[in-house]
Protein chains: 2
Amino acid sequence: MLTLSHPAKTNRGPALKHDSPDCRAVSDVLARLGDKWTVLVVEILGRGPARFNELRREVGSISQKMLTTTLRQLERDGMVTRTVYPTIPPRVDYELTELGRELLVPVRALGEWARANMATIEEARQRYDAQAA
Amino acid sequence: MLTLSHPAKTNRGPALKHDSPDCRAVSDVLARLGDKWTVLVVEILGRGPARFNELRREVGSISQKMLTTTLRQLERDGMVTRTVYPTIPPRVDYELTELGRELLVPVRALGEWARANMATIEEARQRYDAQAA
DNA sequence: CGGGATCCTTGAAGATACTG
DNA sequence: CAGTATCTTCAAGGATCCCG
């Protein structure tokens, strides 16, 4: 059950030095957070439960496919609950779980860092680009 | 200079509700951290300066193209310095800047969260997958 | 309203070969 | 040693149509 016999990913060559379960868990989470919509959706849900098209409007430019995909992944990871009210027309509520709310803590810390340093980063880029020309 | 007149990205429709400079800065940083190698390289450089092939070996399975790309982006963003010693054979040292080292703080916090919650997430996934079958 | 199914475009990433 | 240059593959994301 905890044998961790993941399917090997057609890995030729020696095993990765950073292929430990811990490292893959971290990069797994980061990959999800790094996608285009997850953090934004989680942030919005952090303000309270919301319905599908409500989220769609608040995000602004997301396709319904990507919103569905994002929400399904979050639900699968236990970050979000999906509640269906079998009315006509149908109504579906999405809400952060406790796990989802806890995720917001380190994510917001990273967000704070990004906000605090965005000017510095932008200056570094302009220096780099200028001298590369 | 700070007019923020970004090139509009061929945006039809109403402006994004989350297109503020702050939000884009955050998602910019997250997108970079979410790529396959950046965090790993920064973590390794957090242990001290390293040469190109040294990094290559420590990462384990990265292609030299992706290592180059990752390092160039980090250098451009001011997270890493690149020092060339014009000897034969050439030698290039990479080292985290102060900004890069500061980045490690929130990144490690997120890593801690991922490690602490990886089991919970895995359980949630198995529940979801089992009941979806 | 809340999706599912399908097709298509694009960029990230990998493989390989070559070079100062 | 530390790259650059190409070619190729693959999955994320977007557009569109359809449905209960």
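Per chain, numbering begins at 1; letters A, B, ... match sequence-line order. Everything numeric in this text was worked out from a predicted model, so none of it was measured.
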Whole Å only: how far is the [atom1] atom of [X] from the [atom2] atom of [N]?
X	N	atom1	atom2	result
B:Leu71	D:dC1	CG	C1'	14 Å
A:Leu67	C:dG4	CG	P	11 Å
A:Ile88	D:dC19	CD1	C1'	14 Å
B:Arg32	C:dG11	CZ	P	15 Å

Between [X] and [Y] (side chain of the first, backbone of the second, donor and acceptor by atom type, cut-off under 3.5 Å), is there such a pair?
X	Y	answer
B:Glu112	B:Ala109	no
A:Thr38	A:Asp35	no
B:Thr97	B:Met79	yes

Legend entry - Sidechain N-carboxylate O distance under 4.0 Å for B:Arg127, B:Asp129: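 No.
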Inset, instruction - Enter the inter-axis angle for the ends of the helix from C:dC1-D:dG20 to C:dG20-D:dC1 (five pairs per end, rounded to 10°). - result: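 End axes: 50° apart.
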Inset, instruction - Tell me whether the OP1 or OP2 atom of D:dC1 has a side-chain N or O from B:Tyr94 closer than 4.0 Å. - result: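 The answer is no; no side-chain N or O of B:Tyr94 sits under 4.0 Å from OP1 or OP2.
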Inset, instruction - Tell me whether the OP1 or OP2 atom of C:dG2 has a side-chain N or O from A:Arg56 closer than 4.0 Å. - result: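 Negative; the distance criterion is not met.
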Legend entry - DNA chain D contacts made by residues 43-53 of chain A, counting heavy atoms under 4.0 Å: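 Close to the strand, none.
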Inset, instruction - Quick one: list whatever passes side chain to side chain contact (heavy atoms under 4.5 Å, CB included) with A:Arg72, sequence neighbours left out. - result: A:Thr68, A:Glu75, A:Arg82, A:Tyr94, B:Tyr128
Inset, instruction - Report the residues that fulfil side chain to side chain contact (heavy atoms under 4.5 Å, CB included) with B:Val26, sequence neighbours left out, ordered by chain and then residue number. - result: A:Ala114, A:Arg115, B:Leu30
Inset, instruction - Identify the two heavy atoms, one from A:Ala50 and one from A:Leu55, that lie closest to each other, and give their separation to 0.1 Å. - result: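 Scanning both residues, the minimum pair turns out to be CB-CG, 3.9 Å.
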Legend entry - Exercise: identify the closest heavy-atom pair between B:Arg101 and B:Leu96: NH1-O, 3.0 Å
Inset, instruction - For nucleotides 8-18 of chain D, just jot down a letter per nucleotide in 5' to 3' order: B, S or -, based on protein non-hydrogen atoms under 4.0 Å. - result: -----BBBBB-
Inset, instruction - Could you tell me whether the side chain of B:Thr83 reaches within less than 4.5 Å of the side chain of B:Val92, counting heavy atoms only? - result: no
Legend entry - Close side-chain approach of B:Phe52 to B:Pro90, heavy-atom, < 4.5 Å: no
Inset, instruction - Give A:Tyr85 one of three labels, base, sugar-phosphate or nothing, depending on what nucleic acid heavy atoms sit under 4.0 Å from its own. - result: nothing
Inset, instruction - Would you mind classifying the nucleic acid contact of A:Arg72 as base, sugar-phosphate or nothing, using non-hydrogen atoms under 4.0 angstrom? - result: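 Sugar-phosphate contact only.
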Mind listing the side-chain donor-acceptor pairs of residues 116-125 of chain B below 3.5 Å, one per line with the distance, residues two or more places apart or on another chain?
from: B:Asn117; atom 1: OD1; to: B:Trp113; atom 2: NE1; distance (Å): 3.3
from: B:Glu122; atom 1: OE2; to: B:Gln126; atom 2: NE2; distance (Å): 3.4
from: B:Arg125; atom 1: NE; to: A:Asp77; atom 2: OD1; distance (Å): 2.6
from: B:Arg125; atom 1: NH1; to: A:Asp28; atom 2: OD2; distance (Å): 3.0
from: B:Arg125; atom 1: NH2; to: A:Asp28; atom 2: OD2; distance (Å): 2.9
from: B:Arg125; atom 1: NH2; to: A:Asp77; atom 2: OD1; distance (Å): 3.3
from: B:Arg125; atom 1: NH2; to: A:Asp77; atom 2: OD2; distance (Å): 3.3

